[in-house]
Amino acid sequence: MTESALDKPLRDFPWLPPQKARQFERFGIVTIEDLLTHYPKRYEDRRTFDHFPRLESERPVCVCGTVLAVAVKRLRGRRIMVEVVLEEEQATALSPRLICRWFNVYHVQKMIAAGQKLIVFGKPKDRAGKLYIDHPEFEIIEGGELSIHVNRITPIYRLTEGITQRMIRAAVYRVLDTLDLAAIQDRLPPGLDPTPFGAALRQIHFPDSDAEREAAHRHLVLGEFFAMQLFIGAKRAESLSRPGQNHCGPGALMDRFHASLPFPLTGAQKRTIAEIRAALASTRPMNRLLHGDVGSGKTLVALSAMLLCVESGAQAALMAPTQILAEQHYLNCKRWLAPLGLNIALRTGSKRTESATPLFDHGAWLDSVVGKSGAPRPASPAGPQIIIGTHALLYEGSGLYNLGLAVIDEQHKFGVLQRARLIGQSSAPDVLVMTATPIPRTLTMTLYGDLDVSTLDEMPAHRGKIITALRPASKLPDAAAFIRKELESGRQAYIVYPLIEESAKLEAKAAAQEFEKWQKLLAPMRCELLHGRIDPVEKDAIMEKFRAGKAHALIATSVIEVGIDVPNATIMLIENAERFGLAQLHQLRGRVGRGTRKSWCILISDATDPPALEKLNTMEQTSDGFKIAEADLRLRGPGDILGTAQSGLPPLKLGNLLADQAWMRAARQAATSLFQLDPQLTRPEHRPFRDLITSQRKLTLAQIS
Ligand code: ADP
Ligand code: MG
């Protein structure tokens with residue numbers, strides 16, 4: 001038997017009534033594999049049950065008892081309560097009874113009857129000496145199938161309407177029974193894990209012991225991770241196999257740029273530029289991540305890379321996630337690169353700044369700027385050498401006639417697939433992805449596993465300190481007084497309030513109110529308002545005013561979250577700070593402390609719930625982006641951060657990116673050595689892995705469509 005046994009649709013099994021098969025299908029369980037990878041959410045050890053509880057407890061109990069009585073009580077309105085009294089087996093007069101209650105769950109009364117044997121699971125509560133469990137998970141035990149449902153470590157599954165525990169459990173049991181488990185192809189390379197795949201499938205559903213279950217769990221998680229890493233490795237192999245070009249000029253242009261800067265490069269900037277330079281010069285296409293905390297100076301590294309590319313005769317593009325950011329990059333480029341006389345174009349949805357000289361003699365320009373060198377002159381392309389725009393540039397591709405380097409800025413949700421799209425252009429450009437959100441290592445090797453990594457792990461010297469303070473809303477007037485003093489001494493401030501997304505009208509109203517409030521609080525200093533609904537031209541004007549110091553405070557939604565760079569701004573006040581995510585707060589804080597002056601980040605919040613407090617306290621205690629990323633991952637869970645759909649990675653059913661980091665490393669290592677041995681997986685024994693990649697690709701496509 002081959003893998004295809006797992007591809008067989010459930011409805012082909014004669015023992016499964018078609019109507020049940022349809023119910024499974026509606027639940028997304030179509031094939032044998034779907035059923036067998038619908039893993040248990042937990043287990044009950046039904047070899048021995050708990051005793052009936054005598055005290056209430058936070059720990060759930062799992063007990064088995066006989067139904068003494070079922071009562072349906074009418075409550076107010078059409079509401080009902082079903083009350084079931086259970087008695088322990090071999091009960092004596094002194095044995096406690098247990099009362100199970102369901103409110104407004106109408107089907108329960110039809111299912112449970114006196115005399116039945118019932119297994120229930122839940123937290124017991126004490127009410128006046130009687131013990132209750134409200135809304136327990138339950139299962140009725142009938143004769144017959146006892147060996148499947150009790151007297152064992154029993155799997156408990158996630159359910160949906162019309163599907164019961166017993167249905168799933170029985171179906172899984174039957175399927176496992178009919179399959180020739182020993183013949184199922186292993187999905188891990190030899191040596192990574194001793195458990196055979198077939199055995200793991202059985203033991204994850206019907207474990208003989210806890211140890212067997214753990215071994216099965218490990219095997220299947222490794223399998224998921226390995227498949228993911230194969231997929232990533234294949235992507236990488238694919239992009240490496242494309243013909244690339246040397247996109248690196250001699251460097252005179254970059255040297256002139258560096259010499260014009262008012263500050264020295266950090267050691268990390270020098271190192272990463274050297275890494276990128278080598279990759280640009282290689283004829284293998286570059287796919288690289290530039291990873292660095294907020295404010296570590298990624299833009300400078302990107303511009304250096306772009307200059308190297310331009311000097312080689314090719315075009316370079318810089319893509320930002322928002323229009324505001326694209327425009328900021330454009331202004332920076334113009335300012336920084338003006339002495340070089342470069343032809344720079346901005347292309348965003350609403351703006352096109354085409355050059356006045358559409359035909360630009362690249363070769364002649366190079367000669368004029370860096371002088372005639374012995375190096376061969378590139379052909380003379382027409383049009384801008386540097387194009388700056390939003391990510392839409394990726395898809396339009398317009399005006400990119402000779403793209404040598406694409407830099408993608410500030411986009412950690414920019415998934416593997418979108419990247420592939422760009423890289424998929426016929427002549428592969430070199431690609432540099434920059435992310436401001438520090439990502440824990442496990443996520444880097446999945447989300448960015450197809451990329452080489454350069455890390456900016458050093459901040460520019462003489463940065464002002466940022467002091468973070470958490471304050472209740474009642475202290476807002478004090479904070480405002482403090483801010484006004486800072487503004488009076490020439491500094492600038494950001495005031496951020498959470499976005500109200502219900503409607504454009506509400507949003508505008510909230511914005512207007514915020515603005516009015518702060519204008520009063522900060523009078524006579526000048527405030528400006530910025531939010532997502534303001535038209536782009538006006539937005540620019542406002543940003544420009546703020547950048548030029550003509551406005552003292554910018555009242556804004558989190559539109560200013562990424563990348564905005566105004567070194568004179570020293571205060572970031574965030575209202576209702578608990579409503580923002582940790583990574584987002586860190587990004588917002590990164591807007592200040594960019595100059596040499598001391599800066600403040602004031603978090604206003606009245607939150608009292610523990611996760612919110614942990615979040616805000618983390619902000620107060622650390623400004624280390626990597627620590628923040630770890631805490632964020634812990635608080636939100638990896639699913640959220642990976643943003644499954646955007647990540648373009650196949651979904652995980654069992655593996656946990658946080659808890660199972662070591663296994664991810666092992667899987668990655670195994671995949672890497674496999675590709676080293678056989679880059680195209682052409683060997684016959686690697687055929688199953690090729691099939692795995694194909695099926696992963698299908699899963700991913702299904703996910704994003
Ligand atoms: P980010 O990595 O967050 O994108 P930026 O590239 O916006 O950071 O840089 C943040 C600020 O630091 C900018 O004002 C930039 O001009 C400045 N900067 C960059 N490199 C250095 C350096 N080596 N020394 C001093 N300031 C620098
Ligand atoms: Mg930046």
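By convention here, the first residue in the shown sequence is residue 1.
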Could you tell me whether a side-chain N or O of [X] sits under 3.5 Å from a main-chain N or O of [Y], the two making a donor and an acceptor?
X	Y	answer
K615	F580	yes
R589	T468	no
E311	A252	yes
E538	D535	no
D293	G625	yes
R597	N568	no
R491	S489	yes
K298	L290	no
T455	D457	no
E486	A493	no

Who passes side chain to side chain contact (heavy atoms under 4.5 Å, CB included) against [X], sequence neighbours left out?
X	answer
L331	E544, R547
A512	none
Q513	K509
Q621	N617

Do other residues, nucleotides or ligands put more than 12 heavy atoms under 6.0 Å from E516 CD?
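Incorrect, the count does not exceed 12.
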Look at atom CZ of R471 and say whether more than 12 heavy atoms of other residues, nucleotides or ligands are closer to it than 6.0 Å.
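Open: at most 12 neighbouring heavy atoms sit under 6.0 Å from CZ of R471.
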So which heavy atom on [X] is nearest to which on [Y], and how close?
X	Y	result
H258	S304	NE2-OG, 2.9 Å
E458	G267	OE1-N, 3.3 Å
T622	D624	OG1-N, 2.9 Å
R594	P567	CB-CA, 4.0 Å
G593	S599	N-OG, 3.0 Å
S605	E578	OG-OE1, 2.6 Å

Minimum side-chain heavy-atom gap [X]-[Y] below 4.5 Å:
X	Y	result
L405	M306	yes
E275	R288	yes
L342	L307	yes
L303	C333	yes
F482	L573	no
K545	I542	no
L308	H247	no
M543	L554	yes

Inter-residue atom distance [X].[atom1] - [Y].[atom2], 0.5 Å rounding:
X	Y	atom1	atom2	answer
I273	L456	CD1	CG	8.5 Å
T618	L582	OG1	CG	5.5 Å
Q519	L522	CD	CG	9.0 Å
I574	I495	CD1	CD1	10.0 Å
L432	C309	CG	SG	11.5 Å
R591	D565	CZ	CG	7.5 Å

Between the side chains of T299 and H329, is a donor N or O closer than 3.5 angstrom to an acceptor N or O?
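Short answer, no.
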Between M459 and T266, is the side-chain contact (heavy atoms from CB on, under 4.5 Å) condition met? List the steps.
CA-CA 7 Å; M459 284 288 172; T266 64; over 6 Å; no
Ring geometry between W336 and F257 (parallel below 30°, tilted from 30 to 60°, perpendicular above 60°):
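F257 vs W336 ring planes: tilted.
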Candidate pair V592 and T570, rule side-chain contact (heavy atoms from CB on, under 4.5 Å), full reasoning:
CA-CA 5 Å; V592 296; T570 55; 5.6 Å; no
For K517, salt bridge (charged side-chain N to carboxylate O under 4.0 Å, His left out) partners two or more places apart
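Only E514, E575 meet the salt bridge (charged side-chain N to carboxylate O under 4.0 Å, His left out) criterion with K517.
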With ring-ring contact (aromatic ring centres under 6.0 Å, His included) as the rule and sequence neighbours excluded, what pairs involving residues 514-559 come up?
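Qualifying pairs, neighbours excluded: Y494-F546.
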Chi angles and distances behind the side-chain contact (heavy atoms from CB on, under 4.5 Å) call for M254, R277
CA-CA 11 Å; M254 180 178 81; R277 186 174 190 162; 3.6 Å; yes
